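In what follows, every heavy atom counts, from backbone to side chain, and hydrogens, waters and symmetry copies are set aside. Fair warning: this is a prediction, and the values are worked out from it, not measured in the lab. Residue numbers count from 1 along this sequence.
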Amino acid sequence: MKHVVALLTALILCVACGRQSDSRSRVQQLVFESEQRLEADDIDSAWVLLEHAYDYAAGLHDDGGRAEALLAMARHHNMMDRPDSALSCLRRGLDAWPQAPDSLLAQYYAELSATSNVMGDMAAAVEWGRLALPLMQRYGSSEDYAIMCGNTGIAYRRLGQNDSAAICYQQGLEAALAAGDHDSEAYLANNLSVLFAEMGRLDESLGYADKAIAAATAGGDDVERLSAQANKGIALLMSHRDDEAVSLLTATFEAADSTDSTPLKLKTINYLLKALSSQPAAPAVSRYLQRGEEIAAQLPPGNTAAAGILESRMIILTEQGRYAEALQTISRLEELMQLQQVIPPHKLLGNKSRCLAALGRYDEAYRLEHEAAVLADSLHSAESQRRLDELATNYRVMEKELEVAQLSARQARSQRSIGLLAAALAVLVAAVVAMAVWMRQRRQKAQMRETRKYVEGMEQERSRFAHELHDGACNDLLAIGMQLRTAQPDHTAIATQVGTLRSHLRRLSHELMPPQFAGGVTLPDALSHYLSHIETPAVSFRADEGQWQRLPANTSYQLYRIVQEAVGNIAEHQGEQARGSVVLQFGDGQPRLTITSVGKSAAGDGTGIGLQSMTDRAASIGYRLTTESEGDTWTLKVGRD
């Protein structure tokens, strides 16, 4: 009985695990589809898919599936600037799966840190970041780890813990440089630029801003590039290069305002307002301040970028002499400073001291100024400077090591390329040699074929002429001799036979005489002369006007021989009473030959030596020969088509 219970329990567990595996796959598929919808700006459909993912996992009692769906929901809320809703989803997700694996916890802690950062709770952002970093280093990608280092460093910096921020940035940079991750490198270099600017080390701040611009450009990240330009602008302003700062920040904000990144817009306009604070009466100041407050209204009050507008407002009101209003803004900033360091404390105290002194409250002003001086001294303590010097040195060492590694890699690639090139060259040389041998053999074979065809043609011509002489001239002479030996010769018949014999011999003599296409003699000239001496069969000739003198001599020769062969075939197969015509046309720079004859044809199979000889002659000059026969009419055509 115990064995049966154990077996049933195992089966139930297997079924449950299978259902959970299917549930997890379905949840992941729905989350992926939701991300695609979100990229296409179909926000409502993206959210509906996430709800389906959660309901599907909940219906199967799959805690892991619910946790993954809630994590995706939290990310969706953060992208829509709804950090409160994101925080609620994250807490529910952790409660839904207390035994969640470390790989999922790394993502939860990272999202909790980012959400706390957006809400302005820097202490919580640091705590969640410290939990996420070791897990992200183990289970996340190098890019995820580098970004987590940057986010945690920002939280430390806003709490005024610059040493810890510097350590986080250094760890992230090492990961980004080792992975060749330009986007993460740009992000961390941007944060370093801000950190060095707050520490008053402006040359290094400008240097890191330039590094961030170069890395973001290499990675194709326009938002990070514009952010780096804004950092460079504020460093220029602090270096008292006001005109350069205003020019750069104005152009940067115009570009940033056309993006979808609200934090980038606020950061850039905050820096621009600081640059314009020396001109508090300028119309642009009020216009940009109003635009900044419009953008800030879209974010939670505790948002760091939104709080920056309060700092700009404080500075502008102070410069305009509106000290009471400036103090009201400072009070709001002091409330935020309990959660995060919106601005360096010594700067906030210095502005407050100035306003109080202007309102005649000198005792309070003196006390605050003293506190500001003490904070400023601690900020520039020897230990802080030592840590920053160490960070800058380590970064330069990492850059040099990366350059050496890249140079070694390039050399290795060059050596491999040279080896491959040499191998390819050897293969190419072998291929060229083989091709040359093949082409030589092909030419030799072609020459042999041409020679064989020439010899065969000569033999065929000799056979044809022997046939003509034997069956024609010899028979005619025999008939004449027999007539002369009779008692009463028929002189009229003898005269006729002599005329026929003379005509045959004359035609044969003209055929044997090769045409000479020189001295201005063209194909029409040669054919006209030849056909004028042919008495039987009667053949008319017509040639179009054309540039016959440009026709190659070999082409003219072969066409001439084709006409001779065709006329001979007409005489042989259609009789001396046949009527023929030869037409030469010249169109599109090419000649076309048409031979037509009318007469009763003798039986034949169309495969005679004469026809084959004409076909070969046409092919030798790149032409095609065709024949047609209808009743007593026979047509031969030679041309390119």
Chemist: Tell me whether Thr259 contacts the main-chain N or O of Ala256 through its side chain, where contact means a donor paired with an acceptor under 3.5 Å.
Modeler: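 Present.
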
Chemist: Judged by atom type as modelled, is there a donor-acceptor pair below 3.5 Å linking the side chain of Ser205 to the main-chain atoms of Arg201?
Modeler: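 No.
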
Chemist: Would you check if the side chain of Ser239 reaches a backbone N or O of Ala235 as a donor-acceptor pair within less than 3.5 Å?
Modeler: yes

Chemist: What's the separation between atom CE in Met136 and atom OH in Tyr109, rounded to the nearest 0.5 Å?
Modeler: 11.5 Å

Chemist: Within the distance-only criterion (no hydrogens, no angle test), does the side chain of Ser532 pair as donor or acceptor with the backbone N or O of His529 below 3.5 angstrom?
Modeler: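 Yes, the answer is positive, given that a donor and an acceptor are paired below the 3.5 Å cut-off.
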
Chemist: Checking the side chain of Asn191 only, and the main-chain atoms of Tyr187 only, is there a donor and an acceptor separated by less than 3.5 Å?
Modeler: yes

Chemist: Can a donor-acceptor pair be found, under 3.5 Å and without considering hydrogens, that links the side chain of Asp525 to the backbone of Thr522?
Modeler: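 Answer holds: yes.
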
Chemist: What are the two closest non-hydrogen atoms of Ile213 and Ala228, and how far apart are they?
Modeler: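 Where Ile213 meets Ala228 most closely, the heavy atoms are CG1-CB, 3.5 Å.
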
Chemist: So, Gln107 versus Arg75: side-chain donor-acceptor pair below 3.5 Å or not?
Modeler: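 Looking only at side-chain atoms, Arg75 and Gln107 do form a donor-acceptor pair, the distance falling under 3.5 Å.
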
Chemist: Which atom pair, heavy atoms only, marks the closest approach of Ala255 to Ser258?
Modeler: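 Shortest heavy-atom contact: O-OG, 2.7 Å.
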
Chemist: So do Gln28 and Phe32 actually touch side chain to side chain, heavy atoms under 4.5 Å?
Modeler: no

Chemist: Would you check if the side chain of Ser184 reaches a backbone N or O of Asp181 as a donor-acceptor pair within less than 3.5 Å?
Modeler: no

Chemist: Taking the side chain as C-beta and beyond, is there a heavy-atom pair between Trp548 and Pro591 under 4.5 Å?
Modeler: yes

Chemist: Check the pair Ser227, Lys267 against side chain to side chain contact (heavy atoms under 4.5 Å, CB included), reporting the backbone distance first and the verdict last.
Modeler: CA-CA 8 Å; Ser227 180; Lys267 172 183 177 177; 2.5 Å; yes

Chemist: Closer than 3.5 angstrom, by distance alone: can the side chain of Thr252 be matched with the main-chain N or O of Leu248 as a donor-acceptor pair?
Modeler: yes

Chemist: Mind running side chain to side chain donor-acceptor pair (under 3.5 Å) on Asp144 and Ser141 for me, showing each step along the way?
Modeler: CA-CA 5 Å; Asp144 294 336; Ser141 65; 3.1 Å; yes

Chemist: If you take all heavy atoms of Ser556 and Leu551, which pair is closest and at what distance?
Modeler: OG-CD2, 3.5 Å

Chemist: For residues Val27 and Ala53, report the shortest heavy-atom separation together with the two atoms involved.
Modeler: CG2-O, 3.6 Å

Chemist: May I have the step-by-step check of side chain to side chain donor-acceptor pair (under 3.5 Å) for Glu33 and Gln29, ending in yes or no?
Modeler: CA-CA 6 Å; Glu33 292 176 6; Gln29 177 63 30; 3.0 Å; yes

Chemist: For the pair Lys637 (side chain) and Leu593 (backbone), establish whether a donor and an acceptor sit closer than 3.5 Å, ignoring hydrogens and angles.
Modeler: no

Chemist: Looking at Leu50 and Ser34, what are the two nearest heavy atoms and their distance?
Modeler: CG-OG, 3.4 Å

Chemist: Establish, for the pair Arg640 and Tyr623, whether the NZ or CZ atom is under 6.0 angstrom from the six-membered ring centre and no further than 45 degrees off its axis.
Modeler: yes

Chemist: Please find the pair of heavy atoms, one from Asp221 and one from Glu224, that lie closest to each other, and give the distance.
Modeler: OD1-N, 3.1 Å

Chemist: If you measure from CG on Leu584 to OG1 on Thr594, what distance do you get to the nearest 0.5 Å?
Modeler: 8.5 Å

Chemist: Using modelled atom types and a 3.5 Å cut-off, is there a donor and acceptor pairing between side-chain atoms of Thr268 and backbone atoms of Leu264?
Modeler: yes

Chemist: Please report the C-alpha distance between Arg561 and Gln558 in whole Å, then the side-chain angles of each, then the deciding distance to 0.1 Å, and finally whether the side chain to side chain donor-acceptor pair (under 3.5 Å) criterion is met.
Modeler: CA-CA 5 Å; Arg561 288 303 191 192; Gln558 299 299 342; over 6 Å; no

